[in-house]
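Along the sequence shown, the residues carry numbers beginning at 1. All of these numbers come straight from a predicted model, not from anything done at the bench. FYI, side chains are in, hydrogens and waters are out, and symmetry mates aren't considered; it's all heavy atoms of this structure.
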Amino acid sequence: MNKRKISRRKFLVTTAGAGIGLVMAGGKTPELLAQGGTPAPTAPPTPTPLPLPQGAAGTLTVIHRTEYFVDVQNMFRETVTKFAADKGIKLDISTANPELFGDFLAKMDAAVKAGNPPDMSYQQLSIPQMYALDIVEDVTDVVEKAISLYGDVVPVTAANNAKLDGKW
């Protein structure tokens, strides 16, 4: 194996040259400068697989997160679909990308502020953020009833993320 040692000076010169090249490559092209524009982003944001539902009277509207494992996502969807069918309720269900770069919070905020919130949303880790946006409702009475019927909640995930200022 032929190993060449690089000197400190050569390393610094090469690194500086590469840095200057990156800065220049990231600049505006002459066409964009003439138009006064800026370069477009290279990668579009991750889209929501299905359009968000529009709430309507007599329809159960559910938004749930896109899961890393499709089987988990499908199990949740099948459970909600079966529940709606058993109760004779029309269902409007869709997914949203929950990642930091995703569209879940923005679309939830828009739906609530437009007066069109979903009936149910499955996204526990964004609850503190939704609380800060003032788009959640106090459901302490519902949670307390569920606890009385089915037992306590998982303390680490639910209580730490979903109970804020003593309210669910």
Chemist: Keeping the roles fixed (side chain from Asp119, backbone from Thr61), state whether a donor-acceptor pair exists under 3.5 Å.
Modeler: yes

Chemist: Can you list the residues that meet the side chain to side chain donor-acceptor pair (under 3.5 Å) rule with Lys82, with sequence neighbours excluded?
Modeler: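 By the side chain to side chain donor-acceptor pair (under 3.5 Å) rule, Lys82 matches Asp86.
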
Chemist: Kindly compute the distance separating CD1 (Ile63) from CD1 (Ile93), expressed to the nearest 0.5 Å.
Modeler: 10.0 Å

Chemist: For Thr66 and Gln73, which heavy atoms make the closest approach, and how far apart are they?
Modeler: CA-OE1, 3.3 Å

Chemist: Find the distance between CZ (Phe83) and CD1 (Ile89) and round it off to the nearest 0.5 Å.
Modeler: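 Here the interatomic distance stands at 5.0 Å.
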
Chemist: Decide yes or no for Ile127 and Leu164: does some side-chain heavy atom of the first lie under 4.5 Å from some side-chain heavy atom of the second?
Modeler: yes

Chemist: Drop me the distance from Leu133's CG to Leu105's CG, to the nearest 0.5 angstrom.
Modeler: 6.5 Å

Chemist: Which residues pass the side-chain contact (heavy atoms from CB on, under 4.5 Å) test with Thr140, sequence neighbours left out?
Modeler: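 Thr140 satisfies side-chain contact (heavy atoms from CB on, under 4.5 Å) with Asp138, Glu144, Lys167, Trp168 only.
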
Chemist: With sequence neighbours left out, what residues match Val112 under side-chain contact (heavy atoms from CB on, under 4.5 Å)?
Modeler: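 Partners of Val112 under the side-chain contact (heavy atoms from CB on, under 4.5 Å) test: Met108, Pro117, Ile135.
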
Chemist: List the residues meeting salt bridge (charged side-chain N to carboxylate O under 4.0 Å, His left out) with Asp165, not counting sequence neighbours, and say none if there are none.
Modeler: none

Chemist: Linking directly or through intermediates, with side-chain heavy atoms under 4.5 Å: list the remaining ILVMFWY members grouped with Tyr150, chain and number order.
Modeler: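 Tyr150 clusters with Leu149.
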
Chemist: With side chain to side chain contact (heavy atoms under 4.5 Å, CB included) as the test, would you mind laying out the steps for Leu91 and Val80 before giving the verdict?
Modeler: CA-CA 9 Å; Leu91 176 65; Val80 173; 3.9 Å; yes

Chemist: State which residues pass salt bridge (charged side-chain N to carboxylate O under 4.0 Å, His left out) with Lys113; sequence neighbours excluded, sorted by chain then number.
Modeler: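 Only Asp109 meet the salt bridge (charged side-chain N to carboxylate O under 4.0 Å, His left out) criterion with Lys113.
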
Chemist: If hydrophobic residues (ILVMFWY) are linked whenever their side-chain heavy atoms come closer than 4.5 Å, directly or via other members, who joins Met75 in its cluster?
Modeler: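 Grouped by the 4.5 Å side-chain rule, Met75 forms a cluster of one, so the answer is none.
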
Chemist: Got Val143 and Lys163 here, is their nearest side-chain heavy-atom distance under 4.5 Å?
Modeler: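 Val143 does not reach Lys163 side chain to side chain.
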
Chemist: Can you tell me how far the CG atom of Leu60 sits from the CG atom of Asp92, to the nearest 0.5 Å?
Modeler: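 Going from the CG atom of Leu60 to the CG atom of Asp92 covers 9.0 Å.
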
